[in-house]
There are 2 protein chains.
Amino acid sequence: MNNKFRCNCPITSALDILGDKWTLVIIKQILLQDKKTFKDFTNSEEAIATNILTVRMKNLVELNLVSKSKLPSNKKSVYYHLTEKGLSIAPIIIELALWAGETLKPLNSAMVEPRKMGLNQSNKEEYINNLVANYKEKLATTMYIKS
Amino acid sequence: MNNKFRCNCPITSALDILGDKWTLVIIKQILLQDKKTFKDFTNSEEAIATNILTVRMKNLVELNLVSKSKLPSNKKSVYYHLTEKGLSIAPIIIELALWAGETLKPLNSAMVEPRKMGLNQSNKEEYINNLVANYKEKLATTMYIKS
DNA sequence: CCGGATCCGTTTCGATACTG
DNA sequence: CAGTATCGAAACGGATCCGG
């Protein structure tokens, strides 16, 4: 485990992990858009290239933010899901959503727009708690084969 | 103004602006570490290269997240400071700090470690409010020449 | 088909030397 | 001190191929 952190600042180190073009987009897709399989991600509106996705997923699994499993119903697909550690990124995603909602107003025509999600400054704590609880609930009631 | 956003998802668009290796590090340095001048940033522990810094700062100024001024006391230095819009990124920075504090514990030996900052989950709202208020106060009492 | 690997051209990054 | 210029290194990304 070589240290690939720029320096010993925690925020900077967090950005060494999360601060690239795709990592947080992938986590957003899992958390808010119900994406699960390799194909879900490559077919998303962001259209991540397969080679990039492979590398990012590998990193996320190594960091224990995402875990890989298989669904018994569909043995050909891989089921990517967030770990507890991955779920702890939810507040960052929500703050990004709120910031975009306030600052990038002109382009708020999308599905994951805060208002359409029922998200705003005053309910964000509760929103995050529900989001995480719902995700855990969904995971707990999903049959999958750990790999 | 060409649209350089990947898609119409606000979160993804936010990441098109903030989701690179340096942008949020720079904002962190201004907000939490009192960095102001070109030299402050290149001399930081992150040691950003001068060419990269130039491009990032240009973007941040164009996006109106950062503003460039000069200090009358030191006319050779450029004084970079956050705009109102730039200050609205504070909650994202704080969530990154908290996430790193919890998830990257092994390397929490740095200055900007949440505990040393007196930051924790239960006081984060207040912490952000104080941080922003203090920054504004400092800016309001600083003599500088708008450019 | 699905998940992923490989290939390869293009873009971006980044260390350093240099300039006004 | 605040940037530019240069140039090699790394990352991105489209197309295509491959194994199960």
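We name chains A, B, ... by the order of the sequence lines, and we start the count at 1 in each one.
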Which part of the nucleic acid, if any, lies within reach of Thr50(A) when heavy atoms closer than 4.0 Å are counted: base, sugar-phosphate only, or nothing? base
Heavy-atom count around Lys138(A) NZ within 6.0 Å, excluding the residue itself: above 12? yes
Write down the distance between CG (Leu15(A)) and C1' (dC13(C)), rounded to a whole number of angstrom. 16 Å
In whole angstrom, what separates Phe41(B)'s CZ from dC1(D)'s P? 14 Å
Over all strands shown, is Thr42(B) touching base, sugar-phosphate only, or nothing at heavy-atom distances under 4.0 angstrom? nothing
Answer with base, sugar-phosphate or nothing: what part of the nucleic acid does Ser77(B) contact at a heavy-atom distance below 4.0 Å? sugar-phosphate
Hydrogens and angles aside, do Ser13(B) and Asp16(B) bring a side-chain donor and acceptor to less than 3.5 Å of each other? no
Are Lys35(A) and Ser44(A) close enough that a side-chain donor and a side-chain acceptor fall under 3.5 Å? no
Calculate the interatomic distance between Phe38(B) atom CZ and dG3(D) atom C1'; express it in whole Å. 5 Å
Residues Lys70(B) and Ser77(B): side-chain donor-acceptor under 3.5 angstrom: no
CZ of Arg56(B) versus C1' of dT12(C): gap in Å, rounded? 9 Å
Quick test: give all pairs of protein nitrogen or oxygen and nucleotides 7-9 of chain D nitrogen or oxygen below 3.5 Å, distance rounded to 0.1 Å.
none

Rounded to whole Å, the CG-C1' distance (Leu53(B) to dC13(C)) equals 14 Å
Decide yes or no, distance alone: a donor-acceptor N/O pair under 3.5 angstrom between the base of dG14(D) and the side-chain of Asn51(A). yes
Indicate whether any N or O donor in one side chain lies under 3.5 Å from an N or O acceptor in the other, for Thr23(B) and Asp20(B). yes
By the 4.0 Å heavy-atom rule, please label Tyr80(A) as base, sugar-phosphate, or nothing. sugar-phosphate
From CD1 of Ile48(B) across to P of dT4(D) the rounded distance in Å is 14 Å
